[in-house]
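This report concerns only the one structure given below.
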Amino acid sequence: MIILGLETSCDETSAAVVVDGRHVLSNIIHSQLIHRRFGGVVPELAGREHIRRIVPIMDEALGAAGKTLADIDGFAATFGPGLVGALLVGLSFAKALAYGTGRPFYAVNHLEGHIAANLLAHEELGDELLTLLVSGGHTMLIGVKGFGNYTVMGRSLDDASGEAFDKVAKLLGLGYPGGAAIDHLAKSGNPAYIRFPRALPDPARIDFSFSGLKTAVALYVKNHPPDEIQNHLADIAASFQEAAVDALCDKTVIALRRTGLAVLALSGGVAANSRLRAKLQAACDHLGVRLIYPPSELCTDNAAMIAAAGAIHLLRGEQSPFDINAIPYQKLI
Ligand code: KG4
Ligand code: ZN
């Protein structure tokens with residue numbers, strides 16, 4: 001089954017052609033640069049950019065896959081969570097394509113899309129696993145018992161982990177979005193330079209909190225002379241990253257111990273973080289757990305993961321009605 005997937009939930013316009021929810025023929029991702037000068041995503045501009053880009057991006061995805069619309073067996077697009085004006089573009093476009101071609105359509109939950117990204121990267125996942133979903137909008141630990149059967153074990157009580165990376169990057173003058181820039185800069189810094197707080201140390205709690213960490217970095221920057229901050233940018237980035245990664249690792253290890261699950265899957269933009277991957281790899285080696293994550297281009301927002309999730313539902317005979325709407329605050333379950 002050849003699926004055309006569309007992803008327009010935030011500031012990436014993406015189209016992908018995926019076979020049987022497993023094999024990526026093409027995955028074209030256009031990251032909107034227009035938001036950089038504002039230091040964050042401007043929802044109205046995101047929607048307008050999606051409208052401008054969606055047709056050429058789809059054409060590029062079809063061309064790169066060597067397919068035409070006539071070859072597509074079904075369509076999938078994100079319906080939520082995300083920015084409503086942005087979601088509506090991909091969702092309406094996919095519905096129109098399905099209606100026009102008479103092929104089935106499935107509206108995909110963006111969070112389930114991130115979970116499905118690992119299906120594209122690994123042949124065998126096993127029936128049960130723990131997913132750490134870490135993105136710009138979400139931070140969650142999810143027990144997965146077969147695709148579609150989820151238990152949310154923990155989540156962020158305030159900022160998402162990616163949001164904390166982005167806000168700290170902005171404070172340090174690293175631009176937006178800044179997660180990858182912090183990751184890069186931290187490689188040359190001392191992670192023990194400052195001991196930033198690790199929130200919710202109680203091992204009985206699996207939830208996360210990142211707003212206090214972000215505030216601690218903001219206060220540190222405010223209370224030190226600018227030249228001292230400039231001279232120690234890499235140390236501050238590494239110290240922040242260490243605190244964020246420690247919090248993610250500690251709670252993930254508690255969840256692994258509590259559930260006894262043997263596979264840990266990372267997904268979402270922050271899953272591209274090299275320190276997070278290294279620390280979790282060491283923890284998983286110690287516990288005898290298999291750690292998997294997608295390549296970086298499948299961690300951040302992309303349409304291949306949406307096509308993969310859509311394919312599983314369509315292959316099960318499930319379809320979405322054409323009157324399904326975009327839902328900005330859609331939950332996973
Ligand atoms: O999954 P994603 O593309 O969008 C959402 O669904 O939110 O995640 C984007 C987030 C941004 O906050 C970005 O700064 C972060 O992922 N990110 C990283 C890295 N690469 C992307 N954070 C830390 N380290 C990275 N290498
Ligand atoms: Zn995402």
Side-chain angles (χ1 to χ4, degrees), residues 130-143 152-172 174 177-224 229 232-259 261 264 266-287 289 291 293:
L130 182 73
T131 287
L132 175 64
L133 199 171
V134 273
S135 72
H138 295 84
T139 298
M140 300 167 85
L141 273 165
I142 306 156
V152 177
M153 300 190 63
R155 62 171 76 238
S156 178
L157 305 177
D158 40 56
D159 293 354
S161 49
E163 203 178 339
F165 270 90
D166 290 339
K167 286 179 177 165
V168 168
K170 202 168 163 183
L171 277 171
L172 300 182
L174 300 175
I182 288 193
D183 191 355
H184 183 71
L185 185 61
K187 288 190 202 312
S188 55
N190 172 10
Y193 182 66
I194 312 146
R195 171 93 191 162
F196 285 124
R198 277 76 169 155
L200 307 176
D202 178 0
R205 293 200 68 162
I206 294 188
D207 291 326
F208 305 95
S209 166
F210 291 102
S211 70
L213 171 58
K214 172 195 70 188
T215 306
V217 180
L219 286 175
Y220 186 90
V221 170
K222 185 168 167 250
N223 293 333
H224 288 78
I229 298 295
H232 289 282
L233 268 191
D235 297 326
I236 299 167
S239 299
F240 156 74
Q241 179 175 265
E242 202 65 10
V245 166
D246 274 353
L248 292 170
C249 286
D250 287 354
K251 299 299 181 183
T252 304
V253 166
I254 293 169
L256 283 169
R257 287 218 165 95
R258 200 176 282 179
T259 57
L261 288 168
L264 172 65
L266 307 185
S267 63
V270 184
N273 186 267
S274 59
R275 186 71 182 139
L276 179 67
R277 289 179 175 190
K279 273 212 151 178
L280 280 175
Q281 189 64 65
C284 285
D285 288 347
H286 183 69
L287 291 169
V289 167
L291 175 68
Y293 41 78

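Note that these values count all heavy atoms, side chains included, but never hydrogens, waters or copies made by symmetry. Along the sequence shown, residues carry numbers from 1.
Electrostatic pairing of K167 and D159 counts as a salt bridge here, judged by a charged N lying under 4.0 Å from a carboxylate O.
Annotation for G154 and D207: closest pair CA-OD1, 3.3 Å, computed over non-hydrogen atoms. The two atoms that bring L276 and V134 nearest to each other are CD2-CG2, 4.2 Å, heavy atoms only. Nearest heavy atoms, G178 versus D166: N-OD1, 3.0 Å. Nearest approach of S161 to T139, heavy atoms of both residues: N-OG1, 2.7 Å. Of all non-hydrogen atoms in A243 and L213, the two that sit nearest each other are CB-CD1, 3.7 Å. The minimum heavy-atom distance between A272 and R277, with the atom names listed, is CA-NH2, 3.7 Å.
Every residue two or more places apart in sequence or in another chain that forms a ring-ring contact (aromatic ring centres under 6.0 Å, His included) with H224 is listed here: Y220. Residues satisfying the side chain to side chain contact (heavy atoms under 4.5 Å, CB included) test with D158, not counting sequence neighbours, are S156, S209, F210, S211. For L174, the side chain to side chain contact (heavy atoms under 4.5 Å, CB included) partners two or more places apart in sequence, or in a different chain, are A169, L172, A181, I182, L185.
To the nearest 0.5 angstrom, R258 atom CZ is 9.0 Å from K251 atom NZ. Distance check: R205 CZ to D250 CG gives 15.0 Å after rounding to the nearest 0.5 Å. Here the NE2-CD distance, from H138 to E163, works out to 10.0 Å after rounding to the nearest 0.5 Å. A distance of 5.0 Å separates CG of L141 from CG of L130, quoted to the nearest 0.5 Å. Rounding to the nearest 0.5 angstrom, the gap separating the CG atom in L132 from the CZ atom in F208 is 5.5 Å. Considering CD of Q241 and CG of L248, their distance stands at 10.5 Å, rounded to 0.5 Å.
In this structure, the side chains of E242 and K279 come closer than 4.5 Å at one or more pairs of heavy atoms.
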Show your working on side-chain contact (heavy atoms from CB on, under 4.5 Å) between L200 and L157 and close with a plain yes or no.
CA-CA 10 Å; L200 307 176; L157 305 177; 3.9 Å; yes

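A donor-acceptor pair under 3.5 Å is formed between the side chain of S135 and the backbone N or O of G137. In terms of modelled atom types and a separation under 3.5 Å, the side chain of D235 and the main chain of G189 share no donor-acceptor contact. Within the 3.5 Å criterion, the main-chain N or O of S274 finds a donor-acceptor partner in the side chain of D183.
No option in F165, F196, Y193 other than F165 meets the ring pair (Phe, Tyr, Trp, His ring centres under 6.0 Å) test with F240.
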